[in-house]
Amino acid sequence: MRIDVVSIFPDYLAPLELSLVGKARTSGILSLHVHDLRDWTTDRHRTVDDTPFGGGAGMVMRPDVWGTALDDVLQDGAHLLVPTPSGTPLTQRTAEELAGEQQLVIACGRYEGIDARVAEHYRGHPGVRVSEFSIGDYVLNGGEVAALVLIEAVARLLPGVVGNPHSLVEESHGAAGLLEYPVYTKPPQWQGHDVPEVLLSGHHGRIERWRRDQALERTAARRPDLVERLDPDALDRHDLVVLAAHGWVPQGGRLVRAVDGAPEV
Ligand code: ADE
């Protein structure tokens, strides 16, 4: 896979030389190129922004500078990604889809964002897909950190990047739709806290059940939005007992919060 990042702060992307992403680059699995947007400016001051039409605070990034940069960087079949707090939420499913692309181009905006015509223009380009994405409901100073997040989430899914592909199977936000169970290692006692007995039992069936219970309990406690998306028909009886203890019951093909008081007849 090839990833191009365009930013006015290319140094912000320096961490991409480290860890698994860095290794993926040196091993040739990932070809990653970081560009300075100002290299496409033509004026003495290397200007990338201007005041917003219609008034208001802050500055907006100019479409002409972005246009020349993106025309140079986008290859046929590219997916143009624009990080913005007003984009669609980035999820593990998005990362999985993007891991199958040939080229990702990430256009990092600063200030009040990039002139809206840029995304509109490239949406009309044959052979280019455009997605505006958000990494969460908070506002960053620019798209660079969101680009780092996206690249790490995608790169670890490329074959050969994570040493043991099995570690991708059971993690949070995986196919099960549950948060991951808690994990422990040596020593078995630490600061008065013991590793749960069952994990030392060597009994694989019991360990698996305990881990699933923990995953269900954590998900129920922390992410009711994920519980609402579970398919009750894909859960076993024990799963339903655990969820019922947290106030979730199957109704009409989905899980709903049990209402206190007398059951309806
Ligand atoms: N740029 C600024 N805030 C952002 C966010 N939450 N997600 C993606 N890009 C951003």
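Every number for a ligand or one of its atoms is a count from 1 in the order of the listing.
On a distance-only criterion, Leu140 and ligand 1 share at least one N/O pair closer than 3.5 Å. An N or O contact shorter than 3.5 Å links Ile135 to ligand 1 by distance. Between Gly136 and ligand 1, an N or O atom pair is found at a separation short of 3.5 Å.
In this structure, Gly113 has no heavy atom closer than 4.0 Å to ligand 1.
Using a 3.5 Å distance cut-off with no hydrogens or angles, the side chains of Asp115 and Trp66 do not pair a donor with an acceptor. With no hydrogens or angles considered, a side-chain donor-acceptor pair links Ser131 and His79 at under 3.5 Å. Judged by distance alone, the side chains of Glu132 and Thr84 never bring a donor and an acceptor atom under 3.5 Å apart.
Residue contacts with ligand 1, taken as heavy atom pairs separated by less than 4.0 Å, involve Thr84 solely via the backbone atoms N, CA, C and O. Of all the heavy atoms of Ala146, the ones lying under 4.0 Å from any atom of ligand 1 belong exclusively to the side chain.
A salt bridge does not link Glu101 with Arg2: every distance from a Lys NZ or Arg NE/NH1/NH2 to an Asp or Glu carboxylate oxygen is 4.0 Å or more. Ionic pairing of Arg209 and Asp239 is present here: one or more N-O contacts between side-chain nitrogen and carboxylate oxygen are shorter than 4.0 angstrom.
Classification of the His35-His33 ring pair by plane angle, with boundaries at 30° and 60°, yields parallel.
In this structure, the side chain of Ser201 does not engage the main chain of Glu197 through any donor-acceptor pair within 3.5 Å.
If you number the atoms of ligand 1 from 1 as listed, the ones under 4.0 Å from a heavy atom of Pro83 come out as 8 (C), 9 (N). The contact set between ligand 1 and Phe133, taken as ligand atoms under 4.0 Å from a residue heavy atom, comprises 8 (C).
Nearest to atom 6 (N) of ligand 1 among the protein's heavy atoms is Tyr138 O, 2.8 Å. For atom 1 (N) of ligand 1, the closest non-hydrogen atom of the protein is Pro85 CD, 3.5 Å.
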